[in-house]
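Some notes on the structure that comes next.
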Amino acid sequence: MSPFPRTLPQRLTWLSWFLFANVPLACLLATRFITWMPLEGPAPAAYITLTYIGQYALLTWLVGLPLVVLSLVLKQRWLMPAAVIVATLGQLLLVVDIAVFSLYRFHLSGFVLNTIIKAGAHTFDFSWVEWSLAIGALTILLLVQVGMAFLLARHRPRARWLGVGFAVLFAAQLGAHGWHAWADATYNTRITSLTRYVPLYYAATAKRFFKKHGWVDASEKRADLAGARLEHAPSSGKLDYPAQPLSCHPVEERPNILMIAVDALRADMLDPRWMPNTTRFARRHAKVFTRHYSGGNSTKAGGFSMFYGLPSTYWDAFESSQTAPVWINRLQALNYQPKILSAATLISPAFDRTAFAGIPDIRLNPPGEEAWQRDRLITNDWLDFMKARSKKSSPFFGFLFYKSVHGYDVPPDFPRIKPYWDTINHLALDDDFDPEPYFNRYKTATRYVDQLIGRVLDDLKQRGLLDDTIVMITSDHGEEFNDNGKGYWGHGSNYSDAQLKVPMVVHWPRKQAGRITYHTSHDDIPATFMQTLGCGATPPKTYAMGNGLLSPRKRDWMIAGSYMNYAMVTDDHLVVTYPTGRFETMTTTLEPAPDYQPPHTMLSQALKAMSRFYR
């Protein structure tokens, strides 16, 4: 065998074995993540071993793909140095990711990298010892790569064994993703809690597929594992939530609590033309927060911020450990009677494993083909629940989640606002499309849901319960109709006011109605309820980002999430991150702002906010 790869087949064979040789090195470095993992028994250990083999082999080959192309044109004397440099930088990136994770418990991203580069000592204070260790690590990595390169140039397995290597990579990926999908569907948190420790790993889920084929009964599995879930919730996933023990006192008055959330309801829909019942109730009985924002532009992120008051970057940790919000736990400790009624499934996004993880006997999938039918169903179910209650019953916690506005869906005989788009064709939506018929369809659905909300509110009045009930009406996120002239429709696509700003109407017994004009967000909801439930002595920062709807404070920025990314939102600018590591700055009307430099203090505070509740 030639000591150096000269022909194209030899170069490709050498490069392939060089990349495969980097896989165990990456796995060895990544054992540092294992020190933070909640490994409980042989099954999680076997799963993470399988995941490591598949994921780090995949990442190594992704880093090395440009070298495969270069091997077609580079001679061996240039290919080997290029391979050594690229592999060293790739492993160094893993080392940096480990360092970032050790500080913040989340992985390296473009936003974090930018903070390191631009904020410097304002955020990170590295001693000369740490710099020396970093230089030493780089030197060792480089020497290891040089050693592997020369060793494989002289002694490498034959090319036919490469097929075995690729087969192992594929089998490990398939096995790990299949295992995780089954564990996710069967509420096995010992497996699902591990994935967030693996960089750039997006584990497969298939709850709906398994349920459709009758392989998993979600309700049965949830009930069977409820005890185990509650037992492991405080520690599983390495969460430090709340950050200190709660300080609560017995409460003499336990008001009923009713939360009404309307999916995809914009803030400007709180208008007598579109929501006459809600608007009338707000004017007479409630405080209206006119500058209120969701913590996300999607149901997953916005709903998470509603219940936890935290950035949705924590979602995976809370879902995998099935850790419920502190104020929901407090409700249960005070013997509240829960009634959770959703017109949307609660298993995707998995609110059955987050917000309502500790509440038994909730309906995960409501019956009904159309959203308007399910909205009517949950309204009737709520009224039946209220009718069946006695005066001696414990106070109730109700949650109603309406879906028709999100689906632009109303009964066939419901009056339409004209002009009306009868058949939605999303392919027709562009900058030149007239939004009025589409918007009118949305407004029509809003009127329909408002009628249902009106029935709920009227029932409370007729039963004389308004003086004993906190009523909150809000939404998980907004909805855009090309408001910014950038071709955006719907939600989940940007962080402008159209997709983040939502109504917030709150009726407090014996508090005056009025309008609140200072900035509030969903981050304030947990503290609001905790103060009502006798836990006002606990600093809100120990469990949430906000400090209560009735506690005004200066807010320079907030974090808003989406399906796969998040943004820092100020009054005038957005810093939007992406899973690829890229980030961009723009105005809140989505105009590019390449010259905007986020303040160093804001960057530092955001990093701390996204890591505060990890051990």
Side-chain angles (χ1 to χ4, degrees), residues 104-106 233-234 237-248 257 259 261 289 291-296 300-319 321-334 351 354-358 397 399 470 472 474-477 500 502 504 506 516 518-561 566-569 602 605-615:
Y104 298 108
R105 296 302 189 271
F106 53 76
K238 300 284 186 176
L239 281 172
D240 187 22
Y241 172 86
Q244 69 182 49
L246 301 178
S247 177
C248 302
I257 297 175
M259 289 184 70
F289 296 81
R291 294 179 60 207
H292 187 85
Y293 290 82
S294 170
K300 176 179 173 180
F304 185 83
S305 67
M306 185 188 305
F307 284 98
Y308 292 91
L310 297 174
S312 60
T313 53
Y314 285 101
W315 171 277
D316 288 343
F318 277 85
E319 181 194 3
S321 63
Q322 301 189 41
T323 303
V326 291
W327 67 274
I328 297 290
N329 288 337
R330 178 61 177 166
L331 286 173
Q332 291 180 284
L334 292 174
F351 288 109
T354 51
F356 309 125
F397 165 62
F399 178 73
I470 296 173
M472 177 179 289
T474 187
S475 177
D476 51 352
H477 55 78
L500 288 183
V502 296
M504 176 55 75
V506 186
I516 305 295
Y518 53 76
H519 186 289
T520 57
S521 77
H522 280 358
D523 291 344
D524 293 305
I525 292 177
T528 301
F529 286 130
M530 288 291 277
Q531 291 160 8
T532 301
L533 298 172
C535 301
T538 304
K541 66 180 180 180
T542 63
Y543 56 82
M545 290 280 291
N547 62 335
L549 291 169
L550 294 180
S551 301
R553 64 184 173 95
K554 186 173 175 10
R555 300 164 192 263
D556 296 322
W557 56 274
M558 62 174 281
I559 297 173
Y566 64 92
M568 294 180 61
V569 182
M602 185 172 74
Q605 290 169 2
L607 289 177
K608 291 177 181 177
M610 291 186 291
S611 62
R612 183 194 303 169
F613 296 100
Y614 291 129
R615 288 190 175 89

side-chain contact (heavy atoms from CB on, under 4.5 Å) against A527, all qualifying residues, sequence neighbours excluded: Q531, P540, Y543

Which heavy atom of A324 sits nearest to which heavy atom of G358, and what is that distance? CB-N, 4.3 Å

Could I get the full list of side chain to side chain donor-acceptor pair (under 3.5 Å) partners for Y314, not counting sequence neighbours? none

Hits for side-chain contact (heavy atoms from CB on, under 4.5 Å) against P552, two or more places apart or cross-chain, chain-then-number order -> Y518

Sequence neighbours excluded - salt bridge (charged side-chain N to carboxylate O under 4.0 Å, His left out) pairs with any residue from residues 525-548: none

Give a yes or no on whether the backbone of S247 and the side-chain of T538 come within a donor-acceptor separation of less than 3.5 Å. yes

Pair listing, salt bridge (charged side-chain N to carboxylate O under 4.0 Å, His left out) test, anchored in residues 522-540, at least two apart: D524-R555

Partners passing ring-ring contact (aromatic ring centres under 6.0 Å, His included) against F289 (at least two apart in sequence or in another chain): none

Taking only residues two or more places apart in sequence or in another chain, which ones pass side chain to side chain donor-acceptor pair (under 3.5 Å) with D556? K554

Can you check whether H522 reaches V502 side chain to side chain, under 4.5 Å on heavy atoms? yes

Search all heavy atoms of Y241 against all heavy atoms of P325 and return the closest pair with its distance. OH-CA, 3.3 Å

Can you name the closest pair of heavy atoms from A609 and W557 and give their distance? CB-CH2, 4.3 Å

Are any side-chain N or O atoms of S294 and backbone N or O atoms of D476, one a donor and one an acceptor, separated by less than 3.5 Å? yes

If you take all heavy atoms of A606 and I559, which pair is closest and at what distance? O-CD1, 4.1 Å

Any L239 side-chain heavy atom under 4.5 Å of Y614 side chain: yes

Which residues pass the side chain to side chain donor-acceptor pair (under 3.5 Å) test with T520, sequence neighbours left out? H292

Is there side-chain contact between M545 and M558, with heavy atoms separated by less than 4.5 Å? no

Working to the nearest 0.5 Å, report the span between CD of Q332 and CZ of F397. 9.5 Å

So Y293 and H519, would you call those rings parallel, tilted or perpendicular, with 30° and 60° as cut-offs? parallel

Are any side-chain N or O atoms of T528 and backbone N or O atoms of L549, one a donor and one an acceptor, separated by less than 3.5 Å? yes

Applying ring-ring contact (aromatic ring centres under 6.0 Å, His included) to W315 and not counting sequence neighbours gives F304, F351

Considering residues at least two apart in sequence or located in another chain, which fulfil the side-chain contact (heavy atoms from CB on, under 4.5 Å) criterion with A301? S298, S312

Residues which pass side chain to side chain donor-acceptor pair (under 3.5 Å) with R330, listed by chain and number, not counting sequence neighbours: none

So, do F307 and F318 sit near enough that their side-chain heavy atoms are less than 4.5 Å apart? no

Atom CE in M610, atom CE in M568: separation rounded to 0.5 Å? 7.5 Å

Approximate separation, where rounding is to 0.5 Å, of L533 CG and N329 CG: 11.5 Å

Tell me, do F529 and I470 make a side-chain contact under 4.5 Å, heavy atoms counted? yes

If we only count heavy atoms from C-beta on, is the W327 to T532 side-chain gap below 4.5 Å? no

Closest non-hydrogen atom pair between G296 and H477, with its separation: O-CB, 3.5 Å

Side chain proximity check, L310 to R612, heavy atoms < 4.5 angstrom: no

State, to 0.1 Å, how close S611 and L607 come at their nearest heavy-atom pair, and which atoms those are. OG-O, 3.0 Å

